[in-house]
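Proteins come first, then strands; the chains are lettered A, B, ... in the order of their sequence lines, and each starts at number 1.
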Amino acid sequence: MTQIPPGQLATYGQIADRIGAYGRARQVGWALGRLPLPSPVPWQRVVNARGRISFSGSREGSDWIQREMLIAEGIPVDSEGRLPLGRYLWRPDASP
DNA sequence: TGATTGACTGGTC
DNA sequence: CGACCAGCCAATC
């Protein structure tokens, strides 16, 4: 499944690559952006490769909700929306 | 049809 | 680590 495991984060690039759309991270964000709320998609676990929540002037509300959601998932989020990527980064098929 | 925009990314300073 | 620039593709108006 292309969904993201709970307690883990994924970047737009990862999602794009996962769906076979390498380099189309923008379209991923665009797609999530037009998702209705609530949505069956864990958009809340999708952040940019900078390890930060992607803010947008038109999303000043939901973006903070996303921060709260991640915190609820057990992921510490900074006041600026910074996330400990590398620690919670989703690892597709990372079976030990 | 064409120009513009965008929840991005990577590399460099 | 933060800021800046350049590249990239698709959807929208």
Side-chain angles (χ1 to χ4, degrees):
Chain A
M1 214 24 203
T2 320
Q3 306 291 59
I4 305 168
Q8 292 198 311
L9 296 170
T11 68
Y12 295 93
Q14 278 187 316
I15 304 298
D17 182 38
R18 186 75 174 169
I19 66 179
Y22 178 74
R24 288 137 183 105
R26 291 186 121 142
Q27 272 50 46
V28 177
W30 168 85
L32 295 178
R34 70 187 222 112
L35 279 176
L37 259 55
S39 63
V41 183
W43 58 272
Q44 61 214 71
R45 298 180 190 147
V46 184
V47 296
N48 59 15
R50 296 290 202 256
R52 293 198 259 110
I53 298 174
S54 300
F55 288 89
S56 192
S58 304
R59 275 186 18 111
E60 290 185 37
S62 42
D63 43 11
W64 292 108
I65 293 178
Q66 175 176 13
R67 184 169 79 91
E68 296 294 306
M69 296 242 255
L70 293 174
I71 295 172
E73 290 276 316
I75 302 170
V77 185
D78 192 294
S79 315
E80 301 177 42
R82 305 203 286 195
L83 306 148
L85 266 186
R87 209 150 90 161
Y88 293 88
L89 183 60
W90 175 39
R91 293 182 173 178
D93 303 320
S95 306

**Request:** Round to a whole Å and report the spacing from OH of A/Y22 to C1' of B/dC8.
**Result:** 12 Å
**Request:** Starting at atom CD of A/Q14, determine the distance to atom C1' of B/dC8, rounded to an integer number of angstrom.
**Result:** 13 Å
**Message:** What I'd like to find out is whether the side chain of A/T11 reaches to under 4.5 Å of the side chain of A/L89, using heavy atoms alone.
**Reply:** yes
**Message:** Taking the side chain as everything from C-beta on, heavy atoms only, tell me whether A/Q44 gets closer than 4.5 Å to A/R67.
**Reply:** no
**Message:** Counting the benzene-type ring for Trp, do A/Y12 and A/W30 have ring centres under 6.0 Å apart?
**Reply:** no
Sort me out a list of protein N/O and nucleotides 1-6 of chain B N/O pairs below 3.5 Å, or just none if empty.
residue	atom	partner	partner atom	Å
B/dG6	N2	A/Q27	NE2	2.8

**Fill in**
In short, A/A16 meets A/A25 closest at the heavy-atom pair CB-N, 3.9 Å
**Item:** Atom of A/A49, atom of A/L85 and distance for their closest heavy-atom approach
**Value:** O-CD1, 4.0 Å
**Message:** Output the rounded distance in Å from CG (A/N48) to P (B/dG10).
**Reply:** 10 Å
**5'-most by nearest nucleotide on DNA chain C - A/R24 or A/R52** = A/R52
**Request:** Could you tell me whether the side chain of A/R59 has a donor or acceptor atom within less than 3.5 Å of a complementary atom in the base of B/dA7?
**Result:** yes
**Prompt:** Atom CG of A/L83 and atom P of B/dA7: how far apart are they, to the nearest Å?
**Reply:** 18 Å
**Prompt:** Does A/I75 belong to the same Ile/Leu/Val/Met/Phe/Trp/Tyr cluster as A/V47, with side-chain heavy atoms less than 4.5 Å apart forming each link?
**Reply:** yes
**Complete:** Rounded to whole Å, OH of A/Y12 lies from P of C/dC9 at a distance of 20 Å
**Prompt:** Nearest-Å distance, CE (A/M69) to C1' (B/dA7)?
**Reply:** 14 Å
**Request:** Starting from C1' on C/dA10, measure out to CG on A/L32 and report it in whole angstrom.
**Result:** 14 Å
**Message:** Of the options B/dA7, B/dT9, C/dT12, whose atoms approach the side-chain atoms of A/A25 most closely?
**Reply:** B/dT9
**Request:** Indicate yes or no: does A/E73 engage A/R45 in a salt bridge with an N to O separation below 4.0 Å.
**Result:** yes
**Request:** Write down the atom of A/F55, the atom of A/E80, and the distance for their closest heavy-atom approach.
**Result:** CE1-O, 3.5 Å
**Request:** Name the nucleic acid region contacted by A/T11, choosing base, sugar-phosphate or nothing; use a 4.0 angstrom heavy-atom cut-off, strictly under.
**Result:** sugar-phosphate
**Request:** Can you tell me the distance, in whole Å, between the CG atom of A/L85 and the P atom of C/dC1?
**Result:** 11 Å
**Request:** Assign A/G13 to base, sugar-phosphate, or nothing according to its heavy-atom contacts below 4.0 angstrom with the strands shown.
**Result:** sugar-phosphate
**Item:** Smallest separation among heavy atoms of A/R91 and A/G86, with atom names
**Value:** NH2-O, 4.3 Å
Tabulate atom names and distances for all N/O pairs under 3.5 angstrom spanning the protein and nucleotides 11-13 of chain B.
residue	atom	partner	partner atom	Å
B/dG11	O6	A/R50	NH2	3.2

